[in-house]
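Structure first, then comments.
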Protein chains: 2
Amino acid sequence: MTAFIGEYNCKLDEKGRLSIPSKLRGQFPEAACNILIVNRGFEKCLVLYTKEDWLDETAKLNAVDDFMSPDIRRFKRIFTNGANLVQIDNVQRVLIPKKLLEYAGLKSEVVLVANGNKIEIWDEDLYTSELNVDSTELSQLAQLFHKERNQGK
Amino acid sequence: MTAFIGEYNCKLDEKGRLSIPSKLRGQFPEAACNILIVNRGFEKCLVLYTKEDWLDETAKLNAVDDFMSPDIRRFKRIFTNGANLVQIDNVQRVLIPKKLLEYAGLKSEVVLVANGNKIEIWDEDLYTSELNVDSTELSQLAQLFHKERNQGK
DNA sequence: GAAAATTGTGGGAAATTATGGGAAATTGAG
DNA sequence: CTCAATTTCCCATAATTTCCCACAATTTTC
């Protein structure tokens with residue numbers, strides 16, 4: 001599984017093309033791996049996966065039989081909603097589908113944020129306010145995280 | 001088994017023809033594979049299978065003995081009854097039978113959604129509301145998924 | 001600090017894909 | 001058997017996407 005690192009500011013051109021900074025590009029497993037999957041994030045952002053990691057994620061979903069229940073089917077749909085294949089062109093850009101640009105409110109200035117095996121794509125301004133947190137809230141969040149992590153076990 | 005990726009907006013023309021986006025078409029196992037099966041979905045949508053995967057599905061059904069119960073027989077009958085062979089024409093379109101269009105409430109704007117080895121076909125508006133979920137419901141669904149996945153084993 | 005190499009940005013042309021319409025073929029009813 | 005209706009097949013145009021080239025900007029090297 002890939003583990004991306006870093007945070008990168010970049011630009012979308014008016015055709016909706018996002019050029020991937022070479023430092024990030026270098027982190028992809030294979031030079032040959034030039035197909036990515038973009039998806040809507042739970043927040044107002046997009047998420048990039050390598051094809052391999054996307055297939056791993058969805059394999060977990062697909063292992064569960066659709067006959068089982070309507071809720072299972074619904075969950076699968078919600079989880080995979082918006083997925084799009086994109087190809088990296090020969091100058092390291094991907095064309096982001098218009099629908100997804102709208103969803104995430106992406107205009108020109110965007111931020112790519114590594115998050116495990118995923119890369120989040122945020123509008124710069126939204127990202128700034130998402131990160132805008134004071135120390136009280138941060139420690140509340142940490143407590144919550146700790147609690148829920150242990151519940152999950 | 002095929003694993004399709006992506007969500008695609010497309011249009012039905014007034015003859016009921018659905019053109020398959022090239023990105024999706026490229027995911028079919030063989031260029032020669034130009035016969036698909038459309039069936040009713042459990043929700044108000046349709047489901048596309050490759051011929052091969054459809055045969056797998058029906059094999060699973062037929063593995064269950066008809067002697068077992070009337071409900072088994074009834075389910076098999078109803079499930080199989082909606083299935084239709086459709087052929088991909090030379091510009092990558094399939095003609096969806098009118099009965100199925102009605103069943104899924106398909107008008108002009110539709111969405112094709114990859115779901116494992118199947119492709120779901122939704123009316124755009126219905127699909128949007130299917131995906132419209134608040135965070136409380138989402139976490140309930142996630143829990144349910146987690147639970148049922150483990151039950152299924 | 002200047003030159004070279006790499007990377008980022010923009011735009012245009014070519015190829016591919018989508019879409020609509022019409023003609024030919026097939027089917028079914030009378 | 002004939003006519004009407006539907007279906008299949010094919011072609012033309014519109015729209016989109018992909019590919020390519022040129023230049024700008026940044027980084028690296030000497």
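Naming convention: chains lettered A, B, ... in sequence-line order (proteins, then strands); numbering from 1 in each chain.
- When the C1' atom of C:dG10 is taken as reference, atom CZ of A:R93 falls 8 Å away, rounded to whole Å.
- Remark: C1' of C:dG12 and CZ of A:R17 are 10 Å apart, rounded to the nearest angstrom.
- One interatomic measurement links the two molecules: CG of A:D13 to P of C:dG11, which rounds to 8 Å at whole-angstrom precision.
- Of the candidates D:dT18, D:dC9, C:dT17, the closest approach to any side-chain atom of B:K23 belongs to D:dT18.
- In this structure, CG of A:D89 is placed 10 Å from C1' of D:dC20, rounded to the nearest angstrom.
- At a threshold of 4.0 angstrom between heavy atoms, the contacts of A:L18 with the nucleic acid are absent.
- A side-chain donor from one of A:D53 and A:T50 sits under 3.5 Å from a side-chain acceptor of the other.
- Mapping A:S19 and B:C10 onto DNA chain C via the closest heavy atom, the residue that lands nearer the 5' end is A:S19.
- Mapped onto DNA chain C by nearest heavy atom, A:L12 and B:V91 fall at different nucleotides, with A:L12 at the one closer to the 5' end.
- Atom NZ of A:K11 and atom C1' of C:dT7 are 14 Å apart (whole Å).
- Between B:R25 atom CZ and C:dT16 atom P there is a gap of 16 Å when expressed in whole angstrom units.
- Picking from C:dG11, C:dA18, D:dC10 the nucleotide with the shortest atom distance to the side chain of B:N90 gives D:dC10.
- A ring-centre distance under 6.0 Å is not found for B:F4 and B:Y49.
- A salt bridge (Lys or Arg N to Asp or Glu O under 4.0 Å) with B:E7 is found for exactly one of A:K99, A:R77, A:R40, namely A:R40.
- In this structure, a donor-acceptor pair under 3.5 Å is absent between the side chains of A:E124 and A:W122.
- Atom NZ of A:K99 and atom C1' of D:dT16 are 17 Å apart (whole Å).
- Judged by distance alone, the side chain of A:K76 and the main-chain N or O of A:V64 form a donor-acceptor pair under 3.5 Å.
- As a whole-Å value, the separation of A:Q87 CD from D:dC19 P is 6 Å.
- Among the protein residues, A:E14 comes within range of the sugar-phosphate backbone only, with heavy atoms under 4.0 Å from sugar or phosphate atoms but none that close to a base.
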